Amino acid sequence: MESNATTEAIKGGLIVGLISIILSMIIYAIDASIMVDLKFTLFSFALSIFLYSYIGKKYREDHLEGFISFGDAFKFLFIAGLIGAILNGAFSILLFNVIDPELPEILTDQVLKNTESLMETLGVPAEEMDEALEKTEKDMADQFSVGGILRGSWAWALGAAIIGLICGAIVKKKRPEFE
């Protein structure tokens, strides 16, 4: 991939990352517990697919005469996704450890409430529910610390790869054999 593509991918990742941060700050200001709601998570994923597909198509149209292979689209979007993920990771460290160090406890409590509600709906026995809630609480204890966020950075690369695959398939466009 040429340096122009890399530069454009970095710009795209920065734009999507900033949009994500702005959305997170709006949700934080409205009701931080929404941040761990399944509906919000699904909405955020759908928004990411839309935004990364948009930057991929814009790059394809503006720089490649309207055509891009799946491989090149994947590389472009993977780089953009990594940049967006790194920006979000840095913001998460700032939010959970500087801006509002009490937020992790609030989010953990909300996750436990959500989990308990789901398990009650599914009819999970009380003993199993207690064990699962205890495990969930232990798993979340360090998740919002700087170290916890950085240890989870492998998921950033996985998320960027998934975004690259999905959006690469959306963005790819073969040049016709006979023009």
Side-chain angles (χ1 to χ4, degrees), residues 1-28 34-99 104 107 111 114 118 136 139-140 142-179:
M1 194 160 72
E2 61 187 60
S3 65
N4 182 43
T6 303
T7 302
E8 292 300 315
I10 291 169
K11 282 186 208 174
L14 289 172
I15 290 167
V16 175
L18 288 172
I19 290 170
S20 177
I21 289 170
I22 291 167
L23 177 63
S24 294
M25 288 305 298
I26 291 169
I27 294 302
Y28 171 74
I34 295 171
M35 297 170 103
V36 293
D37 184 76
L38 178 60
K39 291 175 190 161
F40 178 70
T41 302
L42 294 174
F43 169 77
S44 296
F45 182 72
L47 181 62
S48 293
I49 296 295
F50 171 78
L51 291 172
Y52 282 108
S53 294
Y54 175 79
I55 65 165
K57 286 179 180 179
K58 182 146 180 52
Y59 173 71
R60 179 188 75 198
E61 297 302 321
D62 292 351
H63 299 280
L64 301 173
E65 301 171 359
F67 304 101
I68 190 168
S69 69
F70 173 76
D72 287 343
F74 171 76
K75 286 185 246 179
F76 176 84
L77 292 162
F78 178 70
I79 291 169
L82 276 178
I83 297 301
I86 290 167
L87 195 59
N88 274 307
F91 172 72
S92 294
I93 290 169
L94 186 66
L95 178 62
F96 298 132
N97 296 280
V98 178
I99 296 171
L107 296 180
V111 166
N114 293 350
L118 176 64
T136 300
D139 290 347
M140 294 201 59
D142 190 43
Q143 182 176 342
F144 299 104
S145 69
V146 174
I149 291 169
L150 292 176
R151 275 191 299 282
S153 62
W154 65 269
W156 302 350
L158 178 61
I162 291 168
I163 290 287
L165 289 169
I166 293 169
C167 296
I170 293 169
V171 169
K172 72 176 171 50
K173 186 173 181 184
K174 286 186 178 181
R175 184 178 301 276
E177 288 184 42
F178 304 103
E179 287 187 39

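Remember, it's a predicted structure, so these values are computed and weren't measured experimentally. Only heavy atoms go into these numbers, but all of them, side chains included; no hydrogens, no water, no symmetry mates.
Residue Tyr28 places its OH atom among more than 12 non-hydrogen atoms of other residues, nucleotides or ligands, all under 6.0 Å distant.
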Would you sort out whether Leu23 and Phe40 count as a side chain to side chain contact (heavy atoms under 4.5 Å, CB included), showing the intermediate values? CA-CA 11 Å; Leu23 177 63; Phe40 178 70; 4.2 Å; yes
Verdict with supporting geometry, Leu38 and Leu42, side chain to side chain contact (heavy atoms under 4.5 Å, CB included): CA-CA 6 Å; Leu38 178 60; Leu42 294 174; 4.1 Å; yes
Would Ile10 and Thr6 count as a side chain to side chain contact (heavy atoms under 4.5 Å, CB included) here? Give the steps. CA-CA 6 Å; Ile10 291 169; Thr6 303; 4.0 Å; yes
Using the side chain to side chain contact (heavy atoms under 4.5 Å, CB included) rule, take Met35 and Leu95 through it: C-alpha gap first, then chi angles, then the decisive distance, then the call. CA-CA 12 Å; Met35 297 170 103; Leu95 178 62; 3.8 Å; yes
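Residues Phe67 and Lys174 come closest through the heavy atom pair CD2-O, 3.3 Å. In plain terms, the two heavy atoms of Ser145 and Gly148 that are nearest each other are OG-N, 2.9 Å. Scanning both residues, Cys167 and Ser53, for their nearest heavy atoms gives SG-OG, 3.4 Å. Taking each heavy atom of Gly84 and Tyr52 in turn, the nearest pair found is CA-OH, 3.6 Å. Annotation for Ala85 and Trp156: closest pair CB-CB, 3.7 Å, computed over non-hydrogen atoms.
When atom types are taken as modelled, the side chain of Ser92 and the backbone of Asn88 share a donor-acceptor pair closer than 3.5 angstrom. Checked by atom type and distance alone, the side chain of Asp72 never pairs as donor or acceptor with a backbone atom of Lys172 at under 3.5 Å. Distance alone, capped at 3.5 Å, is enough to place a donor-acceptor pair between the Arg60 side chain and the Val171 backbone.
To the nearest 0.5 angstrom, Leu107 atom CG is 10.5 Å from Asn114 atom CG. A distance of 5.0 Å separates CD1 of Ile34 from CD1 of Ile27, quoted to the nearest 0.5 Å. Distance CD1/Ile55 to CD/Glu8: 9.5 Å, rounded to 0.5 Å. Here the CZ atom belonging to Phe70 is positioned 9.5 Å from the CG atom belonging to Leu77, to the nearest 0.5 angstrom. Separating the CG atom in Leu87 from the CD1 atom in Ile15 is a distance of 11.5 Å, to the nearest 0.5 Å. Atom CD1 of Ile79 and atom CZ of Phe74 lie 9.5 Å apart (nearest 0.5 Å).
Note: Phe96 and Phe144 have perpendicular aromatic rings, judged against thresholds of 30 and 60 degrees for the angle between ring planes.
Salt-bridge formation is detected for the pair Arg175/Glu65: a Lys NZ or Arg NE/NH1/NH2 atom is positioned less than 4.0 Å from an Asp or Glu carboxylate oxygen.
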